[in-house]
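Shown next, in structure tokens, is the structure this report addresses.
Along the sequence shown, the residues carry numbers beginning at 1.
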Amino acid sequence: PEQFVGLLPIKVGTSEGADDTSWLLAAMRGHVANAQLAFFGSHFLPLAQWLHGRAESLATEGREVEARNLRNLYEQVWALLPGFAACARDVSDALPALAKPMGVAINEHPVEVRAHVLQALTLLILTARSRKAPPTAAAAATAAVRPLVLELTPDAQAALATISRFAKNFLPVLFNVHASEPPERRPPIQEAIRAVASVAPAETLGELFKVVLRRALEPLASEEAVAAEASPAAPQHAPPPTRTSCTRAPPARAPPLAAPTQSKQPIPNPRHRYSYARPRPTGLRERTVSPTHRLCRHSSPRAGAANCAGRD
């Protein structure tokens, strides 16, 4: 794209008779290859920021048609980002300057560009994981008796390390956006959360999982409080409740928002997970016990088994 834009500069005309080559944006989409992510940040990101600001000013002037055209161009600029992300080898150098604009785009522009940025963020991780090469000659000589195992290339390792450093910034934004979207628009967000969580530090996942768990338990605590107030007072000498008074409903899946963080985060207290997964009376929101089993695998075998056995 650098050579293409050098030969055919992209110009946006907002007045009658002005030179306009903005149609090139649509032509470039899907044809980006061997691109540097830094070029998107230095050339296309300023163009997107200018288009957004100009569209806002035109809208305040009542020129809605022109403002809508610029918003379309703004979306077309961000639509180029997945192509850059799929082949970028300079993620460790370029992402620090792009991380904040990407987070702002995900959070503040759901209609125009969120899907493109989510796709780009996921592709940055997936393509970096796919870049592997045979070990060096020295490493291969020391491991001659073992099967050959491909290793991540140095640029892929640096890319994943950089994304891991910014995971603490991306994940809270993705969590908040996920909570505000209807179910039919959540799969791309869940995919991005799963990708970022796969490279995030365990400490970051542990803290975020506790926040998600607390938010998931708050509605359940409110429901239980309301149910307790609405139910009649039990007789003073009532017989002990039978097992049928608390019927187990079919287990439900854990919330998709918390699921990507379950594989790596270390939760020190399995009782917290049990309070989330334990069976509840019919009519309340059900949770499966499988998260408890996953937590026990992260805990020490004796402590985890004792806590789970004593609580189940």
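- With values rounded to the nearest 0.5 angstrom, Leu213 atom CG is found 10.0 Å from Lys210 atom NZ.
- Here the straight-line distance linking atom CH2 of Trp50 with atom CG of Leu73 works out to 9.0 Å at 0.5 Å rounding.
- Every residue two or more places apart in sequence or in another chain that forms a side-chain contact (heavy atoms from CB on, under 4.5 Å) with Glu191 is listed here: Thr122, Arg194.
- A donor-acceptor contact shorter than 3.5 Å links the side chain of Gln157 to the backbone of Leu152.
- At least one side-chain heavy atom of Val211 sits under 4.5 Å from a side-chain heavy atom of Arg214.
- With sequence neighbours left out, Arg114 forms a salt bridge (charged side-chain N to carboxylate O under 4.0 Å, His left out) with Glu181.
- With sequence neighbours left out, Lys11 forms a salt bridge (charged side-chain N to carboxylate O under 4.0 Å, His left out) with Asp19.
- With hydrogens and angles ignored, the 3.5 Å screen pairs no side-chain donor or acceptor of Thr204 with any backbone N or O of Ala200.
- Using a 4.5 Å cut-off on side-chain heavy atoms (C-beta onward), Phe170 and Phe175 make no contact.
- Atom-to-atom distance recorded for Leu24:CG and Gln76:CD is 10.5 Å, nearest 0.5 angstrom.
- Evaluation of the side-chain contact (heavy atoms from CB on, under 4.5 Å) rule for Val173 yields Ile106, Asn107, Val177 as partners, not counting sequence neighbours.
- By the side-chain contact (heavy atoms from CB on, under 4.5 Å) test, Ala59 pairs with Glu64, Ala67, Arg71, sequence neighbours left out.
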(Q) As a quick check of understanding, evaluate side chain to side chain contact (heavy atoms under 4.5 Å, CB included) for Glu2 and Gln36, giving each step before the final call. (A) CA-CA 9 Å; Glu2 296 183 45; Gln36 297 293 318; 3.9 Å; yes
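- A pairwise comparison of heavy atoms in Pro134 and Leu150 identifies N-CD2, 3.6 Å as the closest pair.
- With sequence neighbours excluded, the residues satisfying ring pair (Phe, Tyr, Trp, His ring centres under 6.0 Å) with Phe39 are His43, Phe44.
- Put simply, the side chain of Leu171 reaches to within 4.5 Å of the side chain of Leu205, judged on heavy atoms.
- When each of Val77, Ile10, Leu8 is paired with Met28, the side-chain contact (heavy atoms from CB on, under 4.5 Å) condition holds for Ile10 and for no other.
- Residue Ala128 comes nearest to Leu160 through the heavy atom pair CB-CD2, 3.8 Å, listed as atom of the first residue, atom of the second, then distance.
- Sequence neighbours left out, the pairs with a member in residues 34-62 that pass salt bridge (charged side-chain N to carboxylate O under 4.0 Å, His left out) are Glu61-Arg63.
- Among all heavy-atom pairs drawn from Tyr74 and Leu51, the shortest one is N-CD1, 3.8 Å.
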Under 3.5 Å, which donor-acceptor pairs link side chains of residues 79-103 to any protein atom two or more places apart or in another chain?
unit_1: Asp90; atom_1: OD1; unit_2: Leu37; atom_2: N; d: 2.9
unit_1: Asp90; atom_1: OD2; unit_2: Leu37; atom_2: N; d: 3.4
unit_1: Asp90; atom_1: OD2; unit_2: Ala38; atom_2: N; d: 3.0

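- The closest side-chain donor-acceptor pair between His109 and Glu75, if any, does not fall under 3.5 angstrom.
- Residues Leu118 and Leu126 are members of separate hydrophobic clusters, defined by side-chain heavy-atom contacts under 4.5 angstrom among Ile, Leu, Val, Met, Phe, Trp and Tyr.
- Shown here are the side-chain contact (heavy atoms from CB on, under 4.5 Å) partners of Pro182, two or more places apart in sequence or in another chain: Glu184, Arg185.
- Screening residues 117-126 for salt bridge (charged side-chain N to carboxylate O under 4.0 Å, His left out), with sequence neighbours left out, gives no hits.
- By the salt bridge (charged side-chain N to carboxylate O under 4.0 Å, His left out) test, Glu108 pairs with no residue at all, sequence neighbours left out.
- In this structure, the separation between NZ on Lys132 and OG1 on Thr153 is 10.5 Å, given to the nearest 0.5 Å.
- Sorted by first and then second residue, the pairs that involve residues 119-131 and meet salt bridge (charged side-chain N to carboxylate O under 4.0 Å, His left out), not counting sequence neighbours, are Arg131-Asp155.
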